[in-house]
Amino acid sequence: MKGSDIFVLPTPLQPIHNDITRQFKVQLFMKRDDLIHPEISGNKWRKLKYNTEQARLENKATLLTFGGAYSNHITATAAAGRLLGFKTIGIIRGEEYQPLNKSLQFAVDSGMQLYYINRAAYKDKQHIPFTLFPDLDSMYVIPEGGANALAVKGCAEIPEEIQMDFDYICCACGTGTTLAGMAGSLKSHQQAVGFPVLKNGAFLSDEIKRLTTADFQLITDYHFGGYAKTTPQLIQFIKDFYAEHHILLDYVYTGKMMYGIMDLIAKNHFPPESVIVAVHTGGVMNANVFD
């Protein structure tokens with residue numbers, strides 16, 4: 001990616017020691033992809049890395065993508081466009097509301113043009129008449145959440161950066177792209193574990209299988225009511241985790257994953273002496289419990 005000198009890579013591994021990891025004799029580390037960049041952090045940068053390179057190879061001037069009103073992908077694409085010299089367009093699910101929320105205001109401030117479509121039309125977004133845009137030939141279209149083969153390629157680099165051996169690598173799942181990328185670059189004794197943040201998230205299995213032939217595991221019990229839904233229990237966990245480890249989690253993705261990992265450790269899901277890596281996929285800018 002042009003301008004990659006502004007990004008911090010490889011990201012560090014931070015050990016997580018607490019009463020639960022000690023009691024159940026597991027080693028837990030967090031891969032701090034949230035530190036890659038303050039505006040394009042975590043898996044969002046991983047997904048955009050090769051897509052923006054391809055857009056430049058194709059001489060495209062504009063990145064066009066899709067997302068909801070609180071989409072980390074929308075804000076990351078807007079920031080990437082500003083930093084790397086692309087125009088950006090965001091197709092937003094739902095009606096426009098004023099004032100804009102923090103995520104969409106950031107996107108606009110970064111130069112992104114927003115177009116709103118109703119939820120019914122959004123479900124069929126592949127048939128949106130892009131001919132409405134006069135410079136269609138100059139546009140590079142990135143799917144919702146960046147979920148394509150180039151994004152999988154970027155996410156495959158996450159475990160490749162880890163210099164120590166480990167047994168499990170975990171991430172929160174929205175589209176499943178990050179899990180697919182990681183699963184495809186593991187050794188035979190290693191397992192990729194995903195925590196869907198959507199209710200009834202088992203459907204992601206088919207989506208992930210379209211992106212990889214590698215094995216993976218989905219654990220669907222920690223969605224806390226669905227996408228961007230939360231509970232006082234989850235919020236308190238995130239606050240306690242920050243107080244103990246000085247790592248900010250968001251309530252949409254990483255908070256749910258870490259709650260799930262800690263709960264599963266306490267339930268003996270991971271054998272003693274297991275080495276577990278949890279990937280911090282960013283997102284705190286849009287869902288900070290301390291705001």
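Just so you know, these numbers come straight off a predicted model, no measurement behind them. The figures here come from the full heavy-atom set of this structure, side chains too, leaving out hydrogens, waters and symmetry mates.
At least one side-chain heavy atom of Met258 sits under 4.5 Å from a side-chain heavy atom of Met30. Side-chain contact between Lys47 and Thr177: present, with at least one pair of heavy atoms (C-beta onward) separated by less than 4.5 Å. Looking only at side-chain heavy atoms (C-beta outward), Phe7 and Ile40 come within less than 4.5 Å of each other. Two residues are said to be in side-chain contact when any heavy atoms from C-beta on lie closer than 4.5 Å; Asp167 and Phe270 fail this criterion. In this structure, Thr178 and Cys173 have side chains that are not in contact, with every pair of non-hydrogen atoms separated by 4.5 Å or more. Side-chain contact between Glu157 and Glu160 is present, with heavy atoms from C-beta onward closer than 4.5 Å. Between Ile16 and Ile276, the closest side-chain pair of non-hydrogen atoms is not below 4.5 Å. Leu64 places none of its side-chain heavy atoms less than 4.5 Å from the side chain of Tyr140.
Rounded to the nearest 0.5 Å, atoms SG (Cys171) and CE (Met182) are 3.5 Å apart. Between the CZ atom of Phe237 and the OG1 atom of Thr231 there is a distance of 11.5 Å, given to the nearest 0.5 Å. Here OH of Tyr259 is found 11.0 Å from CG of Asp240. Values are rounded to the nearest 0.5 Å.
Checking Asp165 against His189 by side-chain atom types alone, a donor-acceptor pair falls below 3.5 Å. The closest side-chain donor-acceptor pair between Asp250 and Asn288, if any, does not fall under 3.5 angstrom. At a cut-off of 3.5 Å, with distance as the only test, no side-chain donor of Tyr115 or Glu96 sits close to an acceptor on the other residue. The closest side-chain donor-acceptor pair between Asp34 and Ser41, if any, does not fall under 3.5 angstrom.
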Q) Given Asp109 and Gln105, is the side-chain hydrogen bond (donor to acceptor under 3.5 Å, both in side chains) satisfied, shown in steps? A) CA-CA 6 Å; Asp109 291 345; Gln105 187 62 59; 2.9 Å; yes
Pair Gln54, Leu57 - check side chain to side chain contact (heavy atoms under 4.5 Å, CB included), show working.
CA-CA 5 Å; Gln54 186 63 32; Leu57 285 172; 3.9 Å; yes
* Asked: Could you walk me through whether Thr21 and Gln27 pass the side chain to side chain contact (heavy atoms under 4.5 Å, CB included) check?
  -> CA-CA 7 Å; Thr21 61; Gln27 295 184 60; over 6 Å; no
Worksheet item: What do the steps show when you test Ile247 against Arg32 for side chain to side chain contact (heavy atoms under 4.5 Å, CB included), and what is the final call?
Response: CA-CA 9 Å; Ile247 300 173; Arg32 297 294 306 276; 3.6 Å; yes
| query | side chain to side chain contact (heavy atoms under 4.5 Å, CB included) between Asp33 and Arg46: does it pass, once the steps are laid out? | reply | CA-CA 9 Å; Asp33 269 19; Arg46 304 278 186 184; 2.8 Å; yes
TODO: Please report the C-alpha distance between Tyr168 and Gln217 in whole Å, then the side-chain angles of each, then the deciding distance to 0.1 Å, and finally whether the side-chain hydrogen bond (donor to acceptor under 3.5 Å, both in side chains) criterion is met.
DONE: CA-CA 10 Å; Tyr168 302 91; Gln217 180 184 14; over 6 Å; no
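Open room surrounds OH on Tyr97; 12 or fewer heavy atoms of other groups in view lie less than 6.0 Å from it. Other residues, nucleotides and ligands contribute more than 12 heavy atoms inside 6.0 Å of the NZ atom of Lys102.
Both tests hold for Lys153 against Tyr50: distance to the six-membered ring centre under 6.0 Å, angle to the ring axis within 45°. Because its NZ or CZ atom is both nearer than 6.0 Å to the ring centre of Tyr253 and within 45° of the ring axis, Lys44 counts as a cation-pi partner of that residue.
Between Ala172 and Met257, the closest heavy-atom pair is N-SD, 3.7 Å. Of all heavy-atom pairs spanning Pro143 and His73, the tightest one is O-NE2, 3.6 Å. Taking each heavy atom of Ile142 and Phe66 in turn, the nearest pair found is O-CD1, 3.5 Å.
With Tyr222 contributing its side chain and Gly255 its backbone, the two residues share no donor-acceptor pair below 3.5 Å. Within the 3.5 Å criterion, the main-chain N or O of Thr11 finds a donor-acceptor partner in the side chain of Lys31. Distance alone, capped at 3.5 Å, is enough to place a donor-acceptor pair between the Thr75 side chain and the Asn72 backbone. Looking only at distances, a side-chain donor or acceptor of His280 sits under 3.5 Å from a matching main-chain atom of Leu248. Although no hydrogens or angles enter the test, the distance criterion places a donor-acceptor pair under 3.5 Å between the side chain of Ser185 and the main chain of Ala156. For Gln190 (side chain) and Phe166 (main-chain N/O), a donor-acceptor pair under 3.5 Å exists by modelled atom type. A donor-acceptor contact shorter than 3.5 Å links the side chain of Asn101 to the backbone of Ala69. Not a single donor-acceptor pair under 3.5 Å links the side chain of Glu244 to the backbone N or O of Phe241.
Through direct or indirect side-chain contacts shorter than 4.5 Å among Ile, Leu, Val, Met, Phe, Trp and Tyr, Tyr116 is connected to Ile74, Ile92, Leu100, Leu104, Val108, Met112, Leu114.
At a threshold of 4.0 Å, the pair Glu95-Arg119 does not count as salt-bridged, since none of the basic side-chain nitrogens sits closer than that to a carboxylate oxygen. Taking 4.0 Å as the cut-off between side-chain N and carboxylate O, Lys267 and Asp263 count as a salt-bridged pair. Arg210 and Glu207 are joined by a salt bridge, as a carboxylate oxygen and a charged side-chain nitrogen come within less than 4.0 angstrom of each other.
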